[in-house]
Number of protein chains: 2
Amino acid sequence: MAKQPELDDFRVPYFEAGKKNGKFSLGNVDPAARPFSSGSKDADRARLSEIGAKLDIQQECLHAQQKRRVLLVLQGMDTSGKDGTIRAVFHEVDPLGLRIVPFKAPTATELAHDFLWRVHSQAPAAGELTVFNRSHYEDLLVPTVLGTLDAQGFEQRCRHIRQFEEMLADSGTTIVKCMLHISKDEQRVRLQARIDDPSKHWKFDVSDLDARKHWDKYQAVYRDALAATSTEYAPWYVVPADSKTHRNVMIAELLLRTFESLKLAYPPPKESLRGVRVA
Amino acid sequence: MAKQPELDDFRVPYFEAGKKNGKFSLGNVDPAARPFSSGSKDADRARLSEIGAKLDIQQECLHAQQKRRVLLVLQGMDTSGKDGTIRAVFHEVDPLGLRIVPFKAPTATELAHDFLWRVHSQAPAAGELTVFNRSHYEDLLVPTVLGTLDAQGFEQRCRHIRQFEEMLADSGTTIVKCMLHISKDEQRVRLQARIDDPSKHWKFDVSDLDARKHWDKYQAVYRDALAATSTEYAPWYVVPADSKTHRNVMIAELLLRTFESLKLAYPPPKESLRGVRVA
């Protein structure tokens with residue numbers, strides 16, 4: 001009997017000080033793998049709907065309790081499907097309880113502060129489910145690839161991130177981080193499809209192709225960043241994302257499992273309301 | 001043949017300086033009316049889905065153009081259905097392009113500023129569709145009913161609101177405001193239902209019943225506030241809301257019409273991308 005896929009098989013091993021070069025390699029995860037897919041798109045969509053309905057209830061409990069916070073971080077190369085994930089995974093979730101925070105290239109004001117400043121201000125509040133569409137990890141990846149952040153600066157930022165995320169976790173925030181892992185070939189197909197459809201041109205610019213030129217560098221920095229910041233309190237998962245339905249189902253499953261681990265429930269009835277008749 | 005309902009029949013007449021006491025009265029709008037309902041809940045839901053899909057496209061065009069902004073303001077007594085409206089009307093809209101802003105009782109920091117300060121900071125950015133779940137209108141209603149804002153203060157705040165909204169509109173924000181109009185009797189039924197279901201107790205507190213004691217005062221202040229702040233650039237609509245499906249369909253129709261009036265379209269193709277082959 002084939003082994004059932006486990007989410008934990010896709011979790012990046014936790015960082016251990018002094019063991020910088022662990023065995024983890026992005027190359028060991030096949031972007032085309034579909035371990036959480038049923039093989040049928042229709043069945044996957046039905047499963048996604050089912051998980052979505054459960055996430056909706058979990059989120060309502062989170063909101064009702066007003067205690068814990070949940071943060072989902074999405075990272076990935078261009079066209080890896082961060083936007084599509086948000087649309088698909090949260091279709092059944094009440095928009096009232098969901099906050100999506102997109103991070104673009106930092107503004108002058110943001111750059112005038114430390115790199116975690118703009119991120120901290122967007123952290124989820126009690127009862128909130130917040131999704132970071134890109135995040136503080138861009139500030140590890142981009143400057144390293146561009147050569148403006150050296151190895152020492154990189155290590156320092158990784159440490160700052162671990163400590164920042166630990167503080168959030170200690171303060172009641174449950175963090176789960178997903179790297180949407182696509183192949184270079186799949187990215188080519190997706191970019192070309194956008195170029196060939198003039199109605200999609202607004203989605204990008206020729207300069208967006210620049211990052212692709214540094215594909216191997218990005219993969220290497222992603223590997224180092226994930227290895228240095230996957231922790232028990234803020235684990236990284238590598239999500240095979242060449243298949244969109246697989247990507248969606250896997251992230252939805254992961255988020256649902258994360259919620260279920262919190263054992264949320266609706267608050268108990270209020271004695272003060274017992275027997276009250278509205279006049 | 002019966003006259004088809006017109007959204008404009010439910011628009012509060014525009015404010016005219018010096019004509020404070022116009023003919024508009026909330027009492028003339030029946031909360032139980034269902035002019036935009038087909039009479040069948042299923043048909044109403046199907047219609048809502050259809051409008052939702054159109055709103056999704058409109059919102060994507062708004063986002064693609066990154067020029068205009070759209071602000072929907074929802075006000076109404078407790079249980080009038082602000083939360084339910086958001087869930088139902090935006091079910092088909094991509095959460096990426098939607099921002100819901102709930103306004104609660106002001107914090108100490110917020111009270112230390114002018115009443116528009118916290119509202120201004122949440123105004124929609126270019127390309128954004130933002131929904132205010134309650135709004136700066138609470139700062140007209142609550143203190144007036146509690147007696148901490150006198151007639152002169154009320155008039156002054158109404159003027160400040162008109163001028164603030166005019167500035168937003170002049171700067172590219174399309175504003176539409178809905179007062180969800182329920183009857184006192186319908187509110188009784190809805191509050192009682194929450195009290196009788198212990199799993200819903202987290203949604204409120206006995207003190208929430210206090211506002212109901214001032215029902216008539218609230219209706220009177222709502223009437224004055226709407227009359228003084230319905231303008232061509234930020235019109236108020238009174239939405240009969242005893243029927244939830246009617247409320248949802250009417251607000252969705254109104255928002256769709258508002259979007260359509262902007263004549264949004266996807267940006268033109270980019271010459272720089274023509275014939276580009278991704279390597």
Side-chain angles (χ1 to χ4, degrees), chain A residues 56 60-61 63-66 82-84 86-102 131 133 184 187-209 212-213 265-279, chain B residues 56 60-61 63-66 82-84 86-102 131 133 184 187-209 212-213 265-279:
Chain A
D56 183 43
E60 191 173 64
C61 288
H63 173 67
Q65 291 194 335
Q66 289 285 311
K82 299 176 288 295
D83 290 3
I86 291 169
R87 176 160 194 139
V89 171
F90 298 108
H91 188 252
E92 301 304 325
V93 175
D94 193 338
L96 275 178
L98 182 64
R99 195 159 56 86
I100 314 292
V101 184
V131 182
N133 189 357
K184 192 176 180 187
Q187 191 194 50
R188 184 183 51 72
V189 171
R190 293 185 186 181
L191 286 171
Q192 194 64 57
R194 287 191 189 172
I195 288 170
D196 293 346
D197 179 353
S199 77
K200 300 274 174 68
H201 281 186
W202 62 271
K203 290 194 180 185
F204 74 115
D205 195 83
V206 167
S207 67
D208 291 352
L209 298 172
R212 179 171 171 81
K213 293 176 190 155
Y266 287 101
K270 289 180 179 165
E271 279 306 312
S272 60
L273 291 176
R274 189 207 292 252
V276 168
R277 301 303 303 169
V278 181
Chain B
D56 183 43
E60 191 174 63
C61 288
H63 173 67
Q65 291 194 334
Q66 289 284 313
K82 298 176 291 295
D83 290 3
I86 290 169
R87 177 161 194 137
V89 171
F90 298 108
H91 189 251
E92 301 304 325
V93 175
D94 194 337
L96 275 178
L98 182 66
R99 195 159 54 87
I100 313 292
V101 184
V131 182
N133 189 357
K184 191 175 181 186
Q187 191 194 49
R188 184 183 51 72
V189 171
R190 293 184 186 182
L191 286 172
Q192 193 64 58
R194 287 190 188 173
I195 289 170
D196 294 345
D197 178 354
S199 76
K200 301 274 174 67
H201 281 187
W202 62 272
K203 290 194 181 186
F204 73 113
D205 195 84
V206 167
S207 67
D208 291 352
L209 297 172
R212 180 171 170 83
K213 292 179 191 152
Y266 287 101
K270 289 180 179 165
E271 279 305 312
S272 60
L273 291 177
R274 189 207 292 250
V276 168
R277 301 303 303 170
V278 181

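If you're wondering where the values come from, they're calculated on a predicted model, not measured in any experiment. Below, chains carry the letters A, B, ... as their sequence lines are ordered, and counting in each starts from 1.
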Engaged part of B:R99 at the chain A interface, taking heavy atoms whose separation is under 4.5 Å: neither
Under 3.5 Å, is there a donor-acceptor pair between the side chain of B:K270 and the main chain of A:P198? no
By a 4.5 Å heavy-atom criterion (distance strictly below it), what part of B:Q66 contacts chain A: side chain, backbone, both, or neither? neither
Using a cut-off of under 4.5 Å for heavy-atom pairs, which of B:V93, B:I100, B:L96 has the most such pairs with chain A? B:L96
Give, as side chain, backbone, both or neither, the part of B:D197 having an atom under 4.5 angstrom from any heavy atom of chain A. neither
Option that, when pairs with chain A are counted at under 4.5 Å, heavy atom only, ranks first among B:V131, B:D196, B:V206: B:V206
Best-contacting candidate, A:Q65, A:R277, A:R188, against chain B by heavy atom pairs under 4.5 angstrom: A:R277
If I compare all heavy atoms of A:Q192 with all of B:V278, which pair ends up nearest, and what's the gap? OE1-N, 2.7 Å
With a 4.5 angstrom heavy-atom cut-off, which part of A:E92 approaches chain B: side chain, backbone, both or neither? both
For side-chain contact (heavy atoms from CB on, under 4.5 Å), just list the numbers for A:K200 and B:L273, CA-CA rounded to whole Å, side-chain angles, deciding distance to a tenth of an Å, and then say yes or no. CA-CA 11 Å; A:K200 300 274 174 68; B:L273 291 177; over 6 Å; no
Engaged part of B:I86 at the chain A interface, taking heavy atoms whose separation is under 4.5 Å: both
Kindly indicate whether the side chain of A:V276, heavy atoms from C-beta on, has any atom under 4.5 Å from the side chain of B:L209. yes
Measure distances from A:L98 to the heavy atoms of chain B and classify the residue's part below 4.5 Å as side chain, backbone, both or neither. side chain
For chain A, which candidate among B:H91, B:K184, B:Q187 shows the most heavy-atom pairs at distances under 4.5 Å? B:H91
Take A:D83 and B:D94 through the side-chain contact (heavy atoms from CB on, under 4.5 Å) test and state the conclusion after the steps. CA-CA 9 Å; A:D83 290 3; B:D94 194 337; 5.9 Å; no
Using a 4.5 angstrom heavy-atom cutoff, name the option from B:P102, B:S199, B:A279, B:P268 with the most pairs to chain A. B:A279
In terms of side-chain geometry, is the basic nitrogen of A:R87 or B:D56 positioned less than 4.0 Å from the acidic oxygen of its partner? yes
What verdict does the side-chain contact (heavy atoms from CB on, under 4.5 Å) test give for A:E60 and B:W202, after you've listed the backbone C-alpha separation in whole Å, the side-chain angles of each residue and the deciding distance to 0.1 Å? CA-CA 11 Å; A:E60 191 173 64; B:W202 62 272; 3.8 Å; yes
